[in-house]
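Working notes for the structure below.
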Amino acid sequence: MGSLINQPTLALDFLACPKAIYDVVGAGMDGGRNSVGESQSIEMSGGGIVTASLEDCKIVSQEQLRYINKLGARLNGGFRYIVVPIPTDWFGPFPSVGKLPTPIMRGISHSDGSLFSDGSGYSQATVWGKFLADAALNAGQITVRVYGATRDIDGDWFSVQHAAKGWRAYRDWESFKIGSGTETVSGADVDYSDYQLSIQPPLRQAVTAGTRIEYARPRFVAKLKQGATLPLTIEAFFVTEQTIEFSEAF
């Protein structure tokens with residue numbers, strides 16, 4: 001089995017897929033029928049598996065074709081892993097810069113106003129969080145503090161980098177705001193709100209208070225979906241459309 005940590009991140013934007021589908025499947029099972037013949041569903045331990053389907057990726061350039069070929073070599077067989085981002089940029093709780101939602105601020109200069117020699121600067125997430133209390137393995141409810149959000153957290157994906165399980169993605173299905181205020185973080189005053197979140201899937205690994213939560217491009221460690229491969233496909237006019245399917249790795 002491959003390692004779940006220190007895995008490369010899928011170059012999602014480079015693949016130019018017009019449609020991406022993310023879900024949590026296998027969260028329940030049939031629990032038999034009640035006295036009036038109705039089927040009863042019960043939750044499975046573990047709460048399902050996060051999946052992703054990147055549909056009709058437009059493979060046009062030579063660089064994209066080589067990247068797909070490398071991905072196939074790495075991932076075919078299902079025994080190597082990769083980190084898959086979730087593009088929540090448009091609907092996440094992010095501030096707008098130039099009328100566009102901005103999950104990550106780029107081009108941040110040094111303290112003296114200078115940039116790196118290539119003209120680039122630092123980058124920083126605009127919205128992030130942390131656990132306010134310890135949470136056990138398979139916890140379905142957590143208490144968190146979220147910094148910099150422009151609206152209440154409600155129906156959002158986020159991710160946690162676990163020590164052994166690597167990057168894991170979660171989403172809330174119920175949210176209660178329990179407080180708010182301002183905190184000094186790295187010398188700057190940042191607004192925050194505290195929440196009690198009910199999440200799916202449940203936590204993949206126990207966490208301690210203070211563990212960081214990522215809202216900017218949440219992600220999860222994955223492998224190719226069972227039975228799926230990523231072949232090298234060459235079509236006329238050098239335009240190829242490929243669908244890549246992932247499932248959470250364990």
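Everything numeric in this text was worked out from a predicted model, so none of it was measured. As a basis for the values below, the full set of heavy atoms in this structure was taken, side chains included, without hydrogen atoms, waters or symmetry mates.
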Within residues 88-103 or reaching into it, pairs that qualify as salt bridge (charged side-chain N to carboxylate O under 4.0 Å, His left out) - sequence neighbours excluded: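 Output for this query lists D89-R217.
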Might you confirm whether atom [atom1] of [X] has over 12 heavy atoms from other residues, nucleotides or ligands at distances under 6.0 Å?
| X | atom1 | value |
| --- | --- | --- |
| K130 | NZ | yes |
| K70 | NZ | no |
| E63 | CD | yes |
| F14 | CZ | yes |

Name of the residue among F131, W128, Y215 meeting ring-ring contact (aromatic ring centres under 6.0 Å, His included) with F158: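 The option that passes is Y215.
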SB check D154 K177 (cutoff 4.0 Å):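 Not counted as a salt bridge, because no side-chain N and carboxylate O are separated by less than 4.0 Å.
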Hey, could you give me the [atom1]/[atom2] distance between [X] and [Y], rounded to the nearest 0.5 Å?
| X | Y | atom1 | atom2 | result |
| --- | --- | --- | --- | --- |
| E245 | T229 | CD | OG1 | 10.5 Å |
| Q161 | T211 | CD | OG1 | 11.0 Å |
| Y170 | L197 | OH | CG | 13.0 Å |
| T51 | F246 | OG1 | CZ | 11.5 Å |
| L132 | D194 | CG | CG | 5.0 Å |
| I213 | I153 | CD1 | CD1 | 9.5 Å |

Counterpart residues, salt bridge (Lys or Arg N to Asp or Glu O under 4.0 Å), relative to D191 (two or more places apart):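 If we apply the salt bridge (Lys or Arg N to Asp or Glu O under 4.0 Å) test to D191, skipping adjacent residues, there are no hits.
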Exercise: do D134 and T208 side chains pair donor with acceptor under 3.5 Å: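 D134 vs T208: no donor-acceptor pair found between side chains.
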cation_pi(R168, F250) dist<6.0 Å, angle<=45: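 Here R168 passes the 6.0 Å and 45° test against F250.
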Side-chain heavy atoms of L15 within contact of L10, under 4.5 Å: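 When only atoms from C-beta onward are counted, L10 and L15 do touch, with a gap below 4.5 Å.
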Beyond-backbone contact of N138 with L203, side-chain heavy atoms, under 4.5 angstrom: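 Sidechains of L203 and N138: no contact.
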